[in-house]
Each structure stands twice: as structure tokens, then as C-alpha cells.
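Numbers restart at 1 for each chain; the letters A, B, ... are given by sequence-line order, proteins then strands. Computation of the quantities below employed the complete heavy-atom set of this structure, encompassing side-chain atoms and omitting hydrogens, waters and symmetry-equivalent molecules. Keep in mind that this is a model prediction, so the values were computed, not measured.
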Amino acid sequence: MFELRWIRDNGEEFDRGLRRRGLKALSAEILALDREWRAAQTRLEETRARQKRLAKEIGAARKSGEAIAGLQAEGAEAKEEESAAEAEAQRIKAAIDEILWGVPNLPAEDVPEGADESANRVLRRYGEPAAFDFPPESHERIGERLGLMDFARAARLSGSRFVVLKGALARLERALSAFMLDLHTREFGYLEISPPLLVRDEAAFGTGQLPKFGEDLFRTTGGHYLIPTAEVPLTNLVAGEILEESALPLRFVASTPCFRSEAGAAGRDTRGMIRQHQFLKVELVSITRPEDSEAEHERMTACAEEVLKRLELPYRVVVLSTGDMGFAAKKTYDIEVWLPSQGSYREISSCSDCGPFQALRMKARYRLEGGKGTRPVHTLNGSGLAIGRTLIAILENFQRRDGGLALPQALRPYLGGMEEIA
RNA sequence: GGAGGGGUGGCCGAGCGGUCUAAGGCGCACGCCUGGAGAGCGUGUAGACGGUGAUGAAUCGUCUCGCGGGUUCGAAUCCCGCCCCCUCCGCCA
């Protein structure tokens, strides 16, 4: 979310950013409302000051036994004026909020401009896609052939976009979760968190899912939202707080189920477990000082990449174009893993620098050391990694001609020494 | 789910319709004192928004006593709704 104060001083930059996102300029409309609001605010404060003064006079007069009827009449009149001024100020503020709450973050300068993913830019590649001397199978064929991946029963239980994993694959999923958590906590200094999976709407607003993207979320009868990513609870951990500068950066990691309605994805990735209503994901969140967020973004992406390196999976890193970025992001790196059956790279992680955008929504700030005043923190989030898709990548990249598959060395300690699935 | 109690500043805690511009204490910071430290004494001790001013220093106003409404000339204080915490009972992994 953007501050009115910032838009006032940076109207052109604001509009330019919006246009880069393919949106229309808004500063003129917002600033006109802002001028109205400030005028209304000033009127409101003046009437309030007058009202307070009268109330005190009445108190003093009563004490000294003077007549107060005249003053009371004046007070009643002041009160009416105050109510009218307040209603006016509130009306204008509501109009401003409605616009502001729906404005996405502005892209960083170095984000390539474009309407969609075709404008994304590949930054680097790691590893070589294995050359198969047989036609590689898709993960769902491998999983079903092994009898360890059951879409039919999942559909009977829950409908489409669900899966049942069995035996070695269920174990593999658990191993991936433990492996990633260990890596991020032991080697990269993240604090492991086990957060709630159901959150209230304030939390979903803070990270930017609401008010615009409620359609993508599952909602309980009790009014909770199921988290679409642990980014929501992890980032909102600092909502409403004033942190000490010395406490930053904060780094959180959690492995959680994620729930997505996939409302706008009908017909896309309908086969296999690429796109599910429920999936496991290890999420990284950092809370930093403004001057540290860019470096933290690179660091976080490197942490996610390290998972793929250790799992011996070929990948590439792309920077998303202005048209492909999410609502809250100022810059996003996607990590895409090689999927032999599709002959292409598919997203397995998305690391975003949100700048102060989410912090302003959830009122998370920090106190400057030695100085005075507070500033909004910067927030970052990234998958490290999506576990369902990592499992897919392992099945496909490690498959053998005999129909079985080897397992990456790094995971074996988490699999009780299991070396292959056959 | 039922019954009751409660949410006040960094923390504890008083206030329960009219200088509350929130007592007092603790903590913290600075100063005095000291050879140094402690004790003691003094001073200070939040955030948000708006105005004046150069987006600095400063200064004025408004808001914030869990959140939102209401009553009243006036609300931390009274009323209603919501959220959260605690105690007891019931249920429960």
C-alpha cells in the first residue's frame, strides 16, 4: 500500500509505475481526493477543538456555580457541526482507501517491462537436463505405475486437484520437508515456525490477498481463510509491531500445507499434481531494514537455489516482467526446475521483495537505533521450495529406463537410507 | 458450549462522568553527586494524522486507555456489538 504523503511528493513516479504495470495513472484522482480530505480533516479538527473548549468551560462554570444553559446550547450546536464534519471526512477517506487498497506494488526500476510471462528474463541456469535414452514419463504416470500416487481415490474423497500419496512417495514428501527445514535453519539462520493455517481477514489483507483476491482463497464457515501460502502467517507475525532496529533482519521458515481455490485456473495443468487445491510448501520470510532488502532478496533466492543444487536438479532463475508479478511484489525471481516430460522449466519457487508495501498494510515498523521516529520495515517472501513440485521434479529427473528411480544423495539420511524407489 | 472476571503508557498499577494535558512505582536514557561504582537527587521517557515552516530544527491542533458504534455540552469512566485474555463447569486430540 502506498502512503498519501508519498504520492503527494512522487505523483509522477507513482503514475509511471502504474503504467509500467499496464494500469492507468491514478495520482490526479487520488490527490484531488486527498486535498478534499485534508480540508475536511482541518475543518473537523477545528470544530473538535471548539467543542472541547466549550466542554471545559461548562465544567468550570458548573464548579463555580455560574449559569451554563447558554454554553450548553452552544455546545450542542458545536457537536452537530462536529458530527457533520466527521461524516464528510470519513466519506472522503473511505473513497481514498477503496482506491489505495486495490493498487498493486510498483515494479522496481530493473524489472523488465512486459504484459506477461513472455517478457520474463532468464538470469542464469544451473545443471544440465539429463539426456534420456528412452522417452521420459510424466510424474503422474510414474507415480501411478508405482502404485504410490492415487488420483482416482483422491477424486472420490475430495474432487479434482487432489492426490493421495502412498508409501515411499508419502515418505519422500516428508523427507523433503525435513531436509529443507534443516537446511534453512541450520545453514541459513532461519527460525523455524509452526504457524496457524487458518487466519482472519486482517492477516490476508496485510499481505495483499484481500480485498482483491478473496476468490482465490478457501473460507471456513467461521469466517477464517485457509492460508494460500505460509507467507501470510509468517509475514503477519510482525503486524502492528514496532521492532527494534537491532532485531532486524528477522528470518522465518515454515513448512505448511497451502490451500488455493484455483478459481481462475480452470483447464490449466489439470493432469498430475502440478496444480492442486492443497500442497505442501516450505516458505521463507524475511523482515529487513529498507537498505537491506535488495541484498536480502538475492540471499533468499540463493537459499532456495541451494535446495535444488543439493537435490541435483537442473534449474534456471528468471526475473518476472512487470505484467507477470504478483500484487504485493516490487521484484520477483522465479526459480524454474527442469521437467523432462514437459521438455520445459516450470516454476518451483518464487522469491519476492515487497519493499514497504505489505508493512504499510499491516503497520509493521521499526525504531531507528539512536535516532527518533519509526519507518516501515521491508518484507520478503520466497518458496524454499514448493514440496509437491519438488517431488514431481525428482520423479521425472531421476527416472530410469527400468521404471524405477534413484533418489538424490542429500535426501537419503531423511529416507532411512532408501536409495531408490522401484 | 454454559457461568463469571478482566483488557490503561516498555512493564506493573491507580483512576470508574468535568484541567486525565492519565497518579504512583519499576525499567530505560541523560545530568548532578563520586577516585570509580552504588545509593541518592534532578530531567526526560509512545505512536498516528493534519497545519505553519524548507520534506531540517521547532511549534500548534486532532486522534489513540483492546476495536467499533452510541448516550452526553463533556467518556479511560455509562450503554451496545465485536476481538482477546483469565477462572470454573461441560466437551475434546
Side-chain angles (χ1 to χ4, degrees), chain A residues 1-14 27 30-97 100-101 194-206 210 220-225 233 236-247 257 290 356 359-377:
Chain A
M1 192 164 73
F2 290 88
E3 295 173 290
L4 281 171
R5 210 173 9 166
W6 184 86
I7 299 172
R8 251 172 244 155
D9 296 337
N10 303 276
E12 278 183 35
E13 186 183 341
F14 182 66
S27 73
I30 291 172
L31 291 179
L33 282 166
D34 177 47
R35 278 188 294 275
E36 270 187 64
W37 177 72
R38 277 188 291 167
Q41 186 72 10
T42 301
R43 275 196 304 278
L44 171 61
E45 285 174 7
E46 280 167 358
T47 57
R48 266 220 252 270
R50 173 170 171 237
Q51 198 194 2
K52 274 179 69 166
R53 208 169 45 242
L54 281 166
K56 274 186 186 161
E57 282 174 30
I58 291 171
R62 240 173 55 106
K63 210 170 248 175
S64 62
E66 295 168 36
I68 56 171
L71 283 172
Q72 271 183 337
E74 206 177 329
E77 183 190 309
K79 186 200 172 172
E80 252 173 63
E81 261 178 57
E82 195 251 33
S83 300
E86 185 176 20
E88 175 70 355
Q90 272 179 0
R91 184 187 64 76
I92 300 165
K93 190 62 167 57
I96 293 172
D97 284 343
L100 244 33
W101 290 347
S194 176
L197 308 179
L198 266 55
V199 296
R200 25 163 112 240
D201 45 13
E202 285 91 335
F205 176 84
L210 293 180
T220 70
T221 52
H224 285 108
Y225 289 95
N236 277 286
L237 239 27
V238 299
E241 299 206 12
I242 300 177
L243 304 161
E244 292 303 327
E245 180 168 11
S246 59
L360 287 167
R361 293 174 84 89
M362 61 188 195
K363 299 185 176 35
R365 42 210 201 279
Y366 74 101
R367 200 186 305 280
L368 287 127
E369 207 146 65
K372 42 184 210 173
T374 62
R375 295 162 74 191
V377 295

Report the C-alpha separation of A:L360 and A:F2 in whole Å, then their side-chain angles, then the decisive distance to 0.1 Å, and conclude whether the side chain to side chain contact (heavy atoms under 4.5 Å, CB included) test is met. CA-CA 7 Å; A:L360 287 167; A:F2 290 88; 5.9 Å; no

Round to a whole Å and report the spacing from [atom1] of [X] to [atom2] of [N].
{"X": "A:L243", "N": "B:G47", "atom1": "CG", "atom2": "P", "result": "14 Å"}
{"X": "A:L31", "N": "B:G50", "atom1": "CG", "atom2": "P", "result": "13 Å"}
{"X": "A:K79", "N": "B:U71", "atom1": "NZ", "atom2": "C1'", "result": "7 Å"}
{"X": "A:R35", "N": "B:G50", "atom1": "CZ", "atom2": "P", "result": "14 Å"}
{"X": "A:E82", "N": "B:C63", "atom1": "CD", "atom2": "C1'", "result": "11 Å"}
{"X": "A:K56", "N": "B:G61", "atom1": "NZ", "atom2": "C1'", "result": "12 Å"}
{"X": "A:L368", "N": "B:A46", "atom1": "CG", "atom2": "P", "result": "15 Å"}
{"X": "A:D97", "N": "B:C49", "atom1": "CG", "atom2": "C1'", "result": "13 Å"}

Which comes earlier along RNA chain B counting from the 5' end, the contact point of A:R365 or that of A:D34, where each point is its nearest nucleotide?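 The residue closer to the strand's 5' end, by nearest nucleotide, is A:R365.
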
5'-most contact on RNA chain B: A:E46 or A:R8, nearest heavy atom basis?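 Its nearest nucleotide being more 5', the pick is A:R8.
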
Need one value for [X]: base, sugar-phosphate or nothing, where a base atom within 4.0 Å counts as base even if backbone is also close, heavy atoms only.
{"X": "A:G59", "answer": "base"}
{"X": "A:W6", "answer": "nothing"}
{"X": "A:R53", "answer": "nothing"}
{"X": "A:K363", "answer": "nothing"}
{"X": "A:L54", "answer": "nothing"}
{"X": "A:E77", "answer": "nothing"}

Please measure how far the [atom1] atom in [N] lies from the corresponding atom in [M], and state the result in whole Å.
{"N": "B:A14", "M": "B:G74", "atom1": "P", "answer": "30 Å"}
{"N": "B:U21", "M": "B:A3", "atom1": "C1'", "answer": "42 Å"}
{"N": "B:G13", "M": "B:G6", "atom1": "C1'", "answer": "14 Å"}
{"N": "B:G1", "M": "B:C82", "atom1": "P", "answer": "12 Å"}
{"N": "B:A23", "M": "B:A76", "atom1": "C1'", "answer": "14 Å"}
{"N": "B:A22", "M": "B:G35", "atom1": "P", "answer": "40 Å"}
{"N": "B:U62", "M": "B:C20", "atom1": "P", "answer": "16 Å"}
{"N": "B:U59", "M": "B:A54", "atom1": "C1'", "answer": "15 Å"}

Taking OP1 and OP2 of [N], is either one under 4.0 Å from a side-chain nitrogen or oxygen of [X]?
{"X": "A:T42", "N": "B:C49", "result": "no"}
{"X": "A:K93", "N": "B:C49", "result": "no"}
{"X": "A:R200", "N": "B:C84", "result": "yes"}
{"X": "A:R38", "N": "B:G51", "result": "yes"}

Side chain to side chain, A:I7 and A:D34, heavy atoms closer than 4.5 Å: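 Not touching, per the 4.5 Å side-chain cut-off.
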
So A:R50 and A:E46, do their side chains get closer than 4.5 Å, heavy atoms only?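 Sidechains of A:R50 and A:E46: no contact.
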
If the threshold is 4.0 Å, N to carboxylate O, is there a salt bridge linking A:R91 and A:E88?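 Judged by the 4.0 Å cut-off on N to carboxylate O distance, A:R91 and A:E88 do form a salt bridge.
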
Keeping A:R361 on the side-chain end and A:F205 on the backbone end, is there a donor-acceptor pair under 3.5 Å?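 Pair found, side chain donor or acceptor close to backbone of A:F205.
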
Nearest listed nucleotide, side chain of [X], among [options]:
{"X": "A:Q51", "options": "B:G74, B:C63, B:C49", "result": "B:G74"}
{"X": "A:E45", "options": "B:G61, B:U55, B:C73", "result": "B:G61"}
{"X": "A:R5", "options": "B:C49, B:G69, B:C73", "result": "B:C49"}
{"X": "A:W37", "options": "B:C73, B:G50, B:U62", "result": "B:G50"}
{"X": "A:R367", "options": "B:C49, B:A46, B:C73", "result": "B:A46"}

Could you check A:E57 against A:E74 for side chain to side chain contact (heavy atoms under 4.5 Å, CB included), going step by step and ending with a plain yes or no? CA-CA 11 Å; A:E57 282 174 30; A:E74 206 177 329; over 6 Å; no

Counter-base of [N], judged by Watson-Crick or G-U geometry with both distances under 3.5 Å:
{"N": "B:G10", "result": "B:C26"}
{"N": "B:A39", "result": "none"}
{"N": "B:G53", "result": "none"}
{"N": "B:A46", "result": "B:U64"}
{"N": "B:G18", "result": "B:C73"}
{"N": "B:U87", "result": "B:A3"}

Just wondering, are more than 12 heavy atoms of other shown residues or ligands nearer than 6.0 Å to CD in A:E80?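 Atom CD in A:E80 is not crowded, with 12 or fewer foreign heavy atoms closer than 6.0 Å.
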
Could you check A:E86 against A:E82 for side chain to side chain contact (heavy atoms under 4.5 Å, CB included), going step by step and ending with a plain yes or no? CA-CA 6 Å; A:E86 185 176 20; A:E82 195 251 33; 3.8 Å; yes

Determine whether any donor atom in the side chain of A:Q41 lies under 3.5 Å from an acceptor atom in the base of B:G50, or the reverse, and answer yes or no.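 Checked by distance alone, the answer is no.
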
